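Single-structure report; data block below.
Letters A, B, ... mirror the listed sequences (proteins, then strands); counts begin at 1. Please read all numbers here as calculations on a predicted model, not as lab measurements.
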Number of protein chains: 2
Amino acid sequence: MYASASIISRDLQPPRALLAKSFTRPRPVTLHTPGTEIYAQGETAGTLYRIEFGAVRICRLLADGRRQVVAFHIAGETFGFEGGKVRSFFAECIVSTGLTTVEIDRDGRYSPELMELALKEMIRAQEHLLVVGKQCALEKLAVFLVDLAERQGGLGCIDLPMTRTDIGDYLGMTIETVSRNLSKLRSAGVLRLRSSRSIEILKPQRLYCLASKL
Amino acid sequence: MYASASIISRDLQPPRALLAKSFTRPRPVTLHTPGTEIYAQGETAGTLYRIEFGAVRICRLLADGRRQVVAFHIAGETFGFEGGKVRSFFAECIVSTGLTTVEIDRDGRYSPELMELALKEMIRAQEHLLVVGKQCALEKLAVFLVDLAERQGGLGCIDLPMTRTDIGDYLGMTIETVSRNLSKLRSAGVLRLRSSRSIEILKPQRLYCLASKL
DNA sequence: CGTATCCTTGACTTTCGTCAATACTTGTGG
DNA sequence: CCACAAGTATTGACGAAAGTCAAGGATACG
């Protein structure tokens, strides 16, 4: 099990370069251990966060006890936009994560750059809708992997900071279905699982074809 | 069948009060016949629209030919927000619809009110995600009906401007599943179908319970 | 080295999609 | 006014896909 959320892990080792970079910024990097809550549902909204390193999930608990993950965010991305005065969703760290807060104008107007980010977030939510709306689990998974690969720099190797449960709650399927379809892609020679959290893409074309993003 | 989209129907009869109200506004109401395109995918974004009467669907065509409806908008609502310079989605009228355009600041900054509307739209997209992510078709349908009822003023009678196909593409299911589950609700005595486009809610509690919004 | 968590795989069941037939609605033209 | 046609909606039978339940393996941590 991970270290308890209430204890700041002593052996936390964020990349040196990122820490050094953060010292030149006006705002300090706050460290969060895996599983830590960044903000809660119902809390007062307003603060925006930028991820220096690590990964975050944005979720919501449904009445029936199920959990919907509405977004994953990785290093370099900004999150925390909300439509009302209070948070509709809660944010948690998936792995050891470093965060900085982002300045918002006090006069109630977002800067054009922040406005752009907020609207990009809306588009991302709507794109996500297209994926979850798809009927085939294999396609959903392919889109998820391609998206993650592109956000990580289009490498042939994808790092999955999240668990199968997270992926399932994100794509609207069970962890068994996630696992089964990863195995299907593996036995088709499309990808190789270096470990359960590290995927090497062997046939990008096949994966892109399955994802068929539009 | 409805009148062809290229012909402005002469017998269009928008509510008198709304037309009268529109005369006091600086911007004129434009009339659109059912099925008319308001803007297209790939078009330059920027213009926002307010619905004076009627209903609109926001959609996107997927690579496999399927269509995802990402939102319905009814009278009083504003739509047209986009994250980039071009439209990612297209908008069409569902029924005879009257639209006015909404002013945006020229200096590149949205007013606080518009910012609020844009973020509300983002939340709406994420709420929609929660619904589409649900596994059970009956629950999805219940949430859809409750949402529509609330937006129409919480009446015991819901007006459905859209077809079963629209509903299916919105909830990520086939028209047969939509129809079957409406029948299921009918035979359970939860609702009554006055016509295929007009639903009377007989047991709101049961419907709310199924929807179990959170 | 033992325990807890995470992941994978198999057997079975349920739900939903597909195909197809039929009924209802609405508009058009004789 | 009635008949026909096109679009829309409902219902049934069947099969495929995903969920559920359960067991066992892999991995990380103390």
Assuming nearest nucleotide by heavy-atom distance, tell me which of A:Ser196 and A:Lys184 is located more 5' along DNA chain D.
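The residue whose closest nucleotide sits nearer the 5' end is A:Lys184.
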Closest-nucleotide mapping onto DNA chain D: is A:Glu176 or A:Ala137 further toward the 5' terminus? I mean the 5' end.
A:Ala137
Report the distance from atom [atom1] of [X] to atom [atom2] of [N], rounded to the nearest whole Å.
{"X": "A:Leu182", "N": "C:dC6", "atom1": "CG", "atom2": "C1'", "result": "14 Å"}
{"X": "A:Leu160", "N": "D:dT27", "atom1": "CG", "atom2": "C1'", "result": "16 Å"}
{"X": "A:Leu141", "N": "D:dA18", "atom1": "CG", "atom2": "P", "result": "11 Å"}
{"X": "B:Leu171", "N": "C:dT15", "atom1": "CG", "atom2": "P", "result": "18 Å"}
{"X": "A:Leu138", "N": "D:dA16", "atom1": "CG", "atom2": "P", "result": "17 Å"}
{"X": "B:Arg164", "N": "C:dA23", "atom1": "CZ", "atom2": "P", "result": "18 Å"}
{"X": "B:Lys134", "N": "C:dT15", "atom1": "NZ", "atom2": "P", "result": "16 Å"}
{"X": "B:Asp169", "N": "C:dC16", "atom1": "CG", "atom2": "P", "result": "17 Å"}

[Y] versus [X], side-chain donor and acceptor atoms under 3.5 Å:
{"X": "A:Glu52", "Y": "A:Thr100", "value": "yes"}
{"X": "A:Gln135", "Y": "B:Arg66", "value": "yes"}
{"X": "B:Ser198", "Y": "B:Ser195", "value": "no"}

May I ask you to evaluate whether B:Arg186 reaches the phosphate of D:dA9, defined as a side-chain N or O under 4.0 Å from OP1 or OP2?
no
Phosphate contact (D:dG19 OP1 or OP2) by A:Arg66 side-chain N/O below 4.0 Å
no
Sugar-phosphate only, base, or nothing, as touched by [X] at under 4.0 Å among non-hydrogen atoms:
{"X": "B:Leu193", "answer": "sugar-phosphate"}
{"X": "B:Ser179", "answer": "base"}
{"X": "A:Ser183", "answer": "sugar-phosphate"}

Tell me which nucleotide among [options] gets nearest to the side chain of [X].
{"X": "A:Thr174", "options": "C:dT18, D:dT20, C:dC7", "value": "D:dT20"}
{"X": "A:Arg197", "options": "C:dT18, D:dT20, C:dC6", "value": "C:dC6"}
{"X": "A:Met173", "options": "D:dG19, C:dG17, D:dA9", "value": "D:dG19"}

Pick out which of B:Phe79, B:Phe90, B:Tyr170, B:Phe72 makes a side chain to side chain contact (heavy atoms under 4.5 Å, CB included) with B:Ile58.
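Result for side chain to side chain contact (heavy atoms under 4.5 Å, CB included) with B:Ile58: B:Phe79.
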Report yes if the side chains of A:Ile51 and A:Ile74 come closer than 4.5 Å at any heavy-atom pair, otherwise no.
no
Is there a donor and acceptor pair, one atom on the side chain of B:Arg180 and one on the base of D:dG12, closer than 3.5 Å?
yes
